[in-house]
Amino acid sequence: MICYAVIDTNVLVSAMLSSKDDSATVQVVSRMLRGEIIPIYSSIITKEYREVLSRRKFGFAGELVDYLLASVEKYGILVAPSSSGIVLPDMKDVPFYEVVLEKRADSAYLVTGNIKHFPREPFVVTPRELLNILDQKHPAK
């Protein structure tokens with residue numbers, strides 16, 4: 001089963017920092033790279049990805065950041081969302097929410113580690129919740 005998802009930057013950071021292959025964030029990124037999760041993004045989102053993932057404090061290799069962003073852009077869907085006028089606790093989260101709203105007709109999800117930063121909606125999920133959704137729709141054989 002393929003699903004569409006807007007992936008919050010914190011999910012990518014957590015995946016890249018994790019030393020555990022079975023962590024939910026690592027699995028989300030792995031499934032994205034395998035084509036099970038189609039990333040949905042905007043130019044504002046990719047700009048944030050690059051800025052955050054390139055921060056010296058994380059120490060991520062430039063080649064790894066480039067590979068991840070190139071994968072998002074190659075396999076994902078670029079969206080130019082409409083303004084929703086929504087006010088969120090962290091206004092930097094608005095582009096992520098607006099992109100998912102733009103693709104709700106495709107049953108898109110917003111995957112975040114900061115669930116409390118967004119309105120309580122069934123399409124705003126944690127990485128673990130997204131994995132559970134994927135596994136329910138396509139059980140392991």
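Just so it is clear, the structure is predicted and the values come from calculations on it, not from any experiment. FYI, the numbering just counts along the sequence from 1.
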Do any N or O atoms from the side chain of Glu98 and from the backbone of Ser84 form a donor-acceptor pair under 3.5 angstrom? yes
Do Glu51 and Arg55 meet the salt-bridge criterion of a basic N to acidic O distance under 4.0 Å? yes
Sidechain-backbone polar pair: Ser30 side chain, Val26 backbone, donor-acceptor under 3.5 Å: yes
Leu17 vs Val13 side-chain heavy atoms within contact, under 4.5 Å: yes
Single-linkage hydrophobic cluster, 4.5 Å side-chain cutoff, Ile7 and Ile2 together: yes
Show the nearest heavy-atom pair for residues Gly113 and Val11, with the distance to one decimal. N-CG2, 3.9 Å
Heavy-atom check, side chain of Ile45 versus side chain of Val99, under 4.5 Å: yes
From Glu73 atom CD to Leu68 atom CG, the distance as rounded to the nearest 0.5 Å: 10.0 Å
Heavy-atom side-chain proximity of Ser82 to Glu102 below 4.5 angstrom: yes
Are the side chains of Phe60 and Met16 in contact, using a 4.5 Å heavy-atom criterion? yes
Between the side chain of Asp106 and the main-chain N/O of Ala108, is any donor-acceptor distance below 3.5 Å? no
Counting distance only, does the side-chain N/O of Gln27 pair as donor-acceptor with the main-chain N or O of Asp22 below 3.5 Å? yes
Could Asp135 and Arg31 be called an ion pair, given the rule that one side-chain N must be under 4.0 Å from one carboxylate O? yes
Could you tell me if the side chain of Ile38 sits less than 4.5 Å from the side chain of Met32, heavy atoms only? no
Side chain to side chain, Val94 and Ile86, heavy atoms closer than 4.5 Å: yes
Looking only at heavy atoms, which two atoms of Leu134 and Cys3 are closest? And how far apart? CD2-SG, 3.7 Å
So Tyr97 and Phe118, would you call those rings parallel, tilted or perpendicular, with 30° and 60° as cut-offs? parallel
Heavy-atom side-chain contact between Ile44 and Lys47 under 4.5 Å: no
Quiz question: by atom type and distance under 3.5 Å, do the side chains of His117 and Asp93 form a donor-acceptor pair? yes
Are Ile40 and Tyr109 packed together at the side-chain level, in the sense that at least one heavy-atom pair is separated by less than 4.5 angstrom? no
In this structure, CZ of Phe96 is separated from CG of Asn10 (nearest 0.5 Å) by 8.0 Å
Separation of Arg104 CZ from Phe123 CZ (nearest 0.5 Å): 5.5 Å
